[in-house]
Amino acid sequence: MKFFHKLLTYKTKNIFDFIDISDEVIRAVGESGIHNGLVNVQTMHTTASIVVNENEPLLLEDLKEHLEGIASQHGVYRHDDFTIRTVNMCDDECANGHAHCKATHLSANATLNLIGGKLQLGQWQRVLFAELDRSRERKVQIAILGE
């Protein structure tokens, strides 16, 4: 059994920046030398997600509208009330309760099968990093386990 990992860094543009990271994941598979096993792709953030879906512009617009309908940026969130919130605060804290709520409807990771040295994605499936907050530097961890 072998283990390989790689950390990717991205600078997102804004909320709902969907970045197709499939090619980087496939490159990591090649670098790993692992032919059969599991590939886990994980965001290192609570206001971003990993999505396996079609990278089609109109679908991405639909996803944005759907997520905004679930947790509007203009909604009222106790997390954003800095007069009462006392935990997990930092110097550049922003009002992002909406992004945390959106993230609960998606996943922080995706685990994909690796068979015969090939990442097993369906015809239209792509691995997407979804920014749910604001422009910032983001990290994605890839871990590959197998033989």
Side-chain angles (χ1 to χ4, degrees), residues 1-75 77-80 87-147:
M1 188 74 60
K2 293 188 338 188
F3 177 78
F4 174 87
H5 70 93
K6 184 171 190 172
L7 184 67
L8 305 175
T9 302
Y10 298 96
K11 172 69 172 165
T12 60
K13 296 175 187 157
N14 51 43
I15 186 172
F16 298 132
D17 189 6
F18 284 86
I19 301 171
D20 189 333
I21 64 171
S22 305
D23 293 339
E24 287 94 336
V25 176
I26 292 167
R27 271 194 290 284
V29 166
E31 292 170 19
S32 75
I34 297 172
H35 296 284
N36 298 296
L38 297 172
V39 178
N40 189 70
V41 182
Q42 175 184 325
T43 176
M44 305 301 289
H45 307 279
T46 58
T47 57
S49 294
I50 300 296
V51 178
V52 176
N53 212 312
E54 193 171 344
N55 186 9
E56 188 276 313
L58 296 176
L59 174 63
L60 296 181
E61 290 301 316
D62 291 339
L63 289 173
K64 293 172 189 179
E65 287 180 22
H66 175 71
L67 291 169
E68 188 61 19
I70 290 173
S72 171
Q73 294 177 64
H74 307 292
Y77 302 92
R78 287 183 284 275
H79 178 77
D80 298 344
V87 298
N88 300 338
M89 299 288 289
C90 56
D91 291 338
D92 66 341
E93 193 65 37
C94 65
N96 62 359
H98 67 94
H100 288 282
C101 290
K102 287 174 176 82
T104 65
H105 295 276
L106 300 172
S107 183
N109 74 301
T111 301
L112 303 164
N113 297 329
L114 174 60
I115 301 172
K118 290 189 71 177
L119 187 64
Q120 299 299 296
L121 291 172
Q123 179 178 1
W124 303 113
Q125 285 183 320
R126 302 295 288 174
V127 182
L128 306 170
F129 174 85
E131 173 62 72
L132 303 173
D133 195 1
R134 59 187 166 102
S135 174
R136 57 174 69 184
E137 187 173 280
R138 297 299 204 166
K139 296 188 182 316
V140 174
Q141 180 77 46
I142 300 171
I144 305 171
L145 181 66
E147 52 190 22

Problem set entry | Residues Val127, Leu121; criterion side-chain contact (heavy atoms from CB on, under 4.5 Å); working and verdict | CA-CA 9 Å; Val127 182; Leu121 291 172; 4.3 Å; yes
For this session: Look up atom OG1 in Thr12 and atom CG in Asp17, then write down how far apart they are to the nearest 0.5 Å.
Result: 5.5 Å
For this session: Could you tell me whether the side chain of Ser107 and the main chain of Ile50 form a donor-acceptor pair under 3.5 Å?
Result: no
Exercise. To the nearest 0.5 Å, how far apart are CD1 in Ile70 and CG in Leu106?
Worked result: 7.5 Å
Exercise. Do Asn96 and Arg134 have side-chain heavy atoms sitting under 4.5 Å apart?
Worked result: no
Exercise. Can you find a pair of side-chain heavy atoms, one from Val140 and one from Ile19, that are under 4.5 Å apart?
Worked result: no
Problem set entry | Tyr77 to Ser72 - nearest heavy-atom pair and separation | OH-O, 2.7 Å
Exercise. So, does Asp80 use its side chain to make a donor-acceptor pair with the main chain of Gly97 at under 3.5 Å?
Worked result: yes
For this session: Quick one: list whatever passes side chain to side chain contact (heavy atoms under 4.5 Å, CB included) with Asn88, sequence neighbours left out.
Result: Arg85
Exercise. So do Val29 and Ile34 actually touch side chain to side chain, heavy atoms under 4.5 Å?
Worked result: no
Problem set entry | Min side-chain heavy-atom separation Phe129-Glu24 under 4.5 Å | no
For this session: Measure the spacing between CZ of Phe3 and CD1 of Ile144 and express it to the nearest 0.5 Å.
Result: 9.0 Å
Exercise. Salt bridge check: are Asp23 and Arg126 linked by an N-O gap of less than 4.0 Å?
Worked result: yes
Exercise. Is the number of heavy atoms from other residues, nucleotides or ligands within 6.0 Å of NE2 (His35) greater than 12?
Worked result: no
For this session: Please tell me if the side chains of Ile21 and Ile142 come closer than 4.5 Å, counting only heavy atoms from C-beta onward.
Result: no
Under 3.5 Å, sequence neighbours excluded: what are the donor-acceptor pairs made by side chains of residues 36-45?
unit_1	atom_1	unit_2	atom_2	d
Asn36	OD1	Gly116	N	2.8
Asn40	OD1	Asn109	ND2	2.8
Asn40	OD1	Thr111	OG1	2.6
Thr43	OG1	His45	N	3.2
His45	ND1	Arg138	NH1	3.2
His45	NE2	Lys139	N	2.8

Problem set entry | Nearest heavy-atom neighbours spanning Leu7 and Gln141 | CD1-OE1, 3.7 Å
Exercise. So do the side chains of Lys11 and Ser135 get within less than 4.5 Å of each other, counting heavy atoms only?
Worked result: yes
For this session: Provide the closest heavy-atom pair for Ala71 versus Cys101 in the form atom of the first, atom of the second, distance.
Result: CB-CB, 3.7 Å
For this session: Applying ring pair (Phe, Tyr, Trp, His ring centres under 6.0 Å), name anything that partners His100, two or more places apart in sequence or on another chain.
Result: His79
Exercise. Rounded to the nearest 0.5 Å, what separation is found between the CD atom of Gln120 and the CD1 atom of Ile115?
Worked result: 4.0 Å
For this session: For residues Leu63 and Phe18, determine if any side-chain heavy atom of one lies less than 4.5 Å from a side-chain heavy atom of the other.
Result: yes
Exercise. Can you tell me if Gln125 uses its side chain to pair, donor with acceptor, with the backbone of Gln123 under 3.5 Å?
Worked result: no
Problem set entry | From CA spacing to verdict: side-chain contact (heavy atoms from CB on, under 4.5 Å), His74, His98 | CA-CA 8 Å; His74 307 292; His98 67 94; over 6 Å; no
Exercise. Counting only heavy atoms not in Lys64, do more than 12 fall under 6.0 Å of its NZ?
Worked result: yes
Exercise. Has the side chain of Glu68 got a donor or acceptor atom that lies under 3.5 Å from a matching backbone atom of Gln73?
Worked result: yes
Exercise. At their closest point, which heavy atom of Phe4 faces which heavy atom of Ala28, and how far apart are they?
Worked result: CE2-O, 3.6 Å
Problem set entry | From CD (Glu131) to CZ (Phe16), nearest 0.5 Å | 10.0 Å
